[in-house]
Colleague: 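Please find one structure pasted underneath; my questions will follow.
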Amino acid sequence: MTQDKKIAIGADHAGFELKEKIKPLLSEIGYEVIDFGTNSTDSVDYPLIAKSLATSVANKNPQRGILICGTGIGMSIAANKIKGIIAAHCCDIETAKLARQHNNSNILTIGGRITDSELAKDIVKAWLNTDFEGGRHQRRVQEIRDLER
Ligand code: RB5
């Protein structure tokens, strides 16, 4: 693995319970976890959590993060508004791997109301353990970066 061993995680109220289940896994596999909240099931607006975590990841502090809301969709839409972020919403292991291999995603989003916690853990492991392939995908990722200008 080439990235540092720090990982950001954040969730809204709909993703809070899954966030709390994923955090111990991240610690077990050697990551220092930086928790951007929320810290209860009280209602909170997901774009605010996405903005806070994605801004840190865009500044490479840390290099990668995980965002969880009810569907995973709102978090990915919001995070992708931050320059430097490639957030991928993944519901299975194959797309989690491809979101690294082809897209070099730096944020993974998951739906806490959609994806069962055991599958979510497997998605997280697959995403963390898969490297970007570069090559033709580097050009395409650069073309995405160019859209930010
Ligand atoms: C909150 O009810 C829900 O809308 C949010 O967690 C997320 O699923 C939005 O995309």
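One-based numbering, in listed order, for ligands and for the atoms of each. All of these numbers come straight from a predicted model, not from anything done at the bench.
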Colleague: Nearest to atom 4 (O) of ligand 1, what protein heavy atom do you find, and at what distance?
Modeller: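 Among all protein heavy atoms, the one nearest atom 4 (O) of ligand 1 is Tyr46 CE2, 4.4 Å.
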Colleague: Kindly indicate whether the side chain of Cys90, heavy atoms from C-beta on, has any atom under 4.5 Å from the side chain of Ile110.
Modeller: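 They are not in side-chain contact.
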Colleague: Among protein heavy atoms, which lies nearest atom 10 (O) of ligand 1, and at what distance?
Modeller: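 Checked against all protein heavy atoms, atom 10 (O) of ligand 1 sits closest to Gly74 N, 2.9 Å.
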Colleague: Would His102 and Glu133 count as a side chain to side chain contact (heavy atoms under 4.5 Å, CB included) if you check the C-alpha gap in whole Å, the side-chain angles of each, and the deciding distance to 0.1 Å?
Modeller: CA-CA 6 Å; His102 289 195; Glu133 284 180 358; 3.8 Å; yes
Colleague: Determine, stepwise, if the pair Leu128 / Ile29 fulfils side chain to side chain contact (heavy atoms under 4.5 Å, CB included).
Modeller: CA-CA 10 Å; Leu128 288 172; Ile29 58 177; 4.0 Å; yes
Colleague: Looking at Lys121 and Glu118, is there a salt bridge between them, counting it only when a charged N and a carboxylate O are closer than 4.0 Å?
Modeller: yes
Colleague: In terms of residue, atom name and distance, what is the protein heavy atom nearest to atom 3 (C) of ligand 1?
Modeller: Arg113 NH1, 4.1 Å
Colleague: Linking I/L/V/M/F/W/Y whenever their side-chain heavy atoms sit closer than 4.5 Å, directly or via other members, would Val44 and Ile66 fall into one cluster?
Modeller: no
Colleague: Is there any side-chain hydrogen bond (donor to acceptor under 3.5 Å, both in side chains) pair reaching into residues 20-30, and which pairs are they, with sequence neighbours excluded?
Modeller: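 Applying side-chain hydrogen bond (donor to acceptor under 3.5 Å, both in side chains) to every pair that reaches into residues 20-30, excluding sequence neighbours, yields Glu20-Lys23, Lys23-Asp35.
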Colleague: Students should be able to answer this: which protein heavy-atom is nearest to atom 5 (C) of ligand 1, and at what distance?
Modeller: Asp12 OD2, 3.3 Å
Colleague: What residue and heavy atom of the protein are closest to atom 1 (C) of ligand 1, and at what distance?
Modeller: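 Checked against all protein heavy atoms, atom 1 (C) of ligand 1 sits closest to His13 NE2, 3.7 Å.
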Colleague: Are the side chain of His89 and the backbone N or O of Thr71 linked by a donor-acceptor pair below 3.5 Å?
Modeller: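 Flag set: sc His89 to bb Thr71 pair under 3.5 Å.
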Colleague: Any N or O of Met75 that comes nearer than 3.5 Å to an N or O of ligand 1?
Modeller: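 No.
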Colleague: Which bit of Ala14 is near ligand 1, meaning a heavy atom under 4.0 Å away: side chain, backbone, both or neither?
Modeller: side chain
Colleague: As a check for students: among Asp45, Ile73, Thr71, identify the option with a heavy atom nearest to atom 8 (O) of ligand 1.
Modeller: Thr71
Colleague: Does any N or O of ligand 1 fall below 3.5 Å from an N or O anywhere on Gly70, backbone included?
Modeller: yes
